[in-house]
Every structure is written in C-alpha cells, then in structure tokens.
Amino acid sequence: MLVAFSVTPLGVGENVGEIVAEAVRVVRASGLPNRTDAMFTTVEGDWDEVMAVVKQAVDAVAARAPRVSMVLKADIRPGATGALTAKMESLERHLAD
C-alpha cells in the first residue's frame with residue numbers, strides 16, 4: 001500500500017519545520033520506501049508496517065506539540081510493490097507523448 005500523510009503540530013506557533021522534521025526522521029529511519037515533498041510524505045509497505053510508521057511519526061510530533069493534525073490518504077493494493085516509483089514513471093511516460 002501507499003500512504004500519503006501530513007502531520008501538523010498545533011499550538012506551537014508558525015515555525016513548525018523543526019517539529020515536522022521529527023516525523024520525517026521517523027519515516028526515513030523506518031527503511032520503507034518513502035518520499036517527502038512540500039505537502040505530504042508518502043510511504044510504501046504493507047498495512048501493519050506503514051501504519052506503525054505513521055503512528056510513530058505522529059507520536060514524535062505529539063511529544064513536542066500539545067495538539068496534532070493529520071491528513072492521510074491510502075492506496076490499498078495488496079501484492080503491489082514498487083508503486084512509489086512506478087506511478088511516477090507512468091506519468092512521465094504519458095507526459096513525454
């Protein structure tokens with residue numbers, strides 16, 4: 001599955017980058033394929049391992065903020081692997097046409 005999620009610390013002021021970085025560190029340390037952009041971090045793996053990483057990322061932010069907001073979108077496709085890169089490769093092929 002692919003999970004794209006965003007974690008936002010609330011009640012800590014406007015400069016949240018340092019706290020959000022804690023969530024991204026958790027994802028990168030997980031060893032699962034992942035990608036972070038300006039809006040979301042996307043992680044690929046099976047349900048249990050991806051959701052465990054999402055929870056750990058939220059917990060890392062919650063350790064430094066009194067309130068946390070999370071947005072999550074999932075593409076659940078059992079047995080599929082490599083979707084993190086395959087979807088982008090397909091898009092690029094179509095754009096090249």
Side-chain angles (χ1 to χ4, degrees):
M1 78 185 296
L2 289 175
V3 169
F5 74 104
S6 170
V7 180
T8 305
L10 302 174
V12 294
E14 291 185 31
N15 298 319
V16 298
E18 181 181 334
I19 299 173
V20 171
E22 296 297 328
V24 175
R25 280 189 186 95
V26 167
V27 172
R28 292 183 178 175
S30 74
L32 296 176
N34 66 84
R35 177 176 296 144
T36 299
D37 60 37
M39 296 286 293
F40 288 95
T41 295
T42 304
V43 185
E44 182 174 15
D46 71 31
W47 180 278
D48 291 335
E49 62 189 0
V50 170
M51 290 305 183
V53 169
V54 170
K55 182 182 183 324
Q56 291 169 5
V58 171
D59 288 347
V61 172
R64 299 197 42 202
R67 186 174 179 188
V68 179
S69 174
M70 180 180 68
V71 175
L72 185 141
K73 182 175 181 178
D75 179 359
I76 303 161
R77 191 173 178 189
T81 59
L84 188 65
T85 56
K87 285 186 172 195
M88 292 308 300
E89 290 167 356
S90 174
L91 176 63
E92 292 298 334
R93 278 195 308 275
H94 290 291
L95 288 170
D97 292 344

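When reading the values below, keep in mind they use all heavy atoms of this one structure, side chains included, and skip hydrogens, waters and symmetry mates.
Legend: side-chain hydrogen bond (donor to acceptor under 3.5 Å, both in side chains) pairs involving residues 68-87, not counting sequence neighbours, sorted by first then second residue: D75-K87. Applying the side-chain hydrogen bond (donor to acceptor under 3.5 Å, both in side chains) definition to pairs two or more places apart or across chains, those involving residues 43-56 are K55-D59. Residue pairs satisfying the salt bridge (charged side-chain N to carboxylate O under 4.0 Å, His left out) criterion with at least one member in residues 1-18, sequence neighbours excluded, are listed as follows: E18-R64.
Residues M88, L91 make up the rest of the hydrophobic cluster containing L95, defined by ILVMFWY side-chain heavy atoms closer than 4.5 Å, directly or through other members.
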Listing, residues 24-40 side-chain donor-acceptor contacts under 3.5 Å, not counting sequence neighbours, or none:
| from | atom 1 | to | atom 2 | distance (Å) |
| --- | --- | --- | --- | --- |
| R25 | NH1 | E22 | OE2 | 3.1 |
| S30 | OG | V27 | O | 2.6 |
| S30 | OG | L32 | N | 3.1 |
| N34 | ND2 | L32 | O | 2.9 |
| R35 | NH1 | L84 | O | 3.4 |
| T36 | OG1 | T41 | OG1 | 3.0 |
| D37 | OD1 | M39 | N | 2.8 |
| D37 | OD1 | F40 | N | 2.8 |

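Put simply, the residue from T42, L2, I76, V43 that forms a side chain to side chain contact (heavy atoms under 4.5 Å, CB included) with V50 is V43.
Annotation: side chain to side chain contact (heavy atoms under 4.5 Å, CB included) contacts of V12 (sequence neighbours excluded): P9, V16, I19, A65, P66.
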**Request:** Dump the intermediate steps for side chain to side chain contact (heavy atoms under 4.5 Å, CB included) on M70 and V54, then the final yes or no.
**Result:** CA-CA 10 Å; M70 180 180 68; V54 170; 3.6 Å; yes
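Hydrophobic clustering keeps L10 apart from V7 (ILVMFWY residues linked when any side-chain heavy atoms are closer than 4.5 Å, directly or through intermediates). Linking Ile, Leu, Val, Met, Phe, Trp and Tyr residues whenever their side-chain heavy atoms come within less than 4.5 Å leaves V71 and V58 in two separate clusters.
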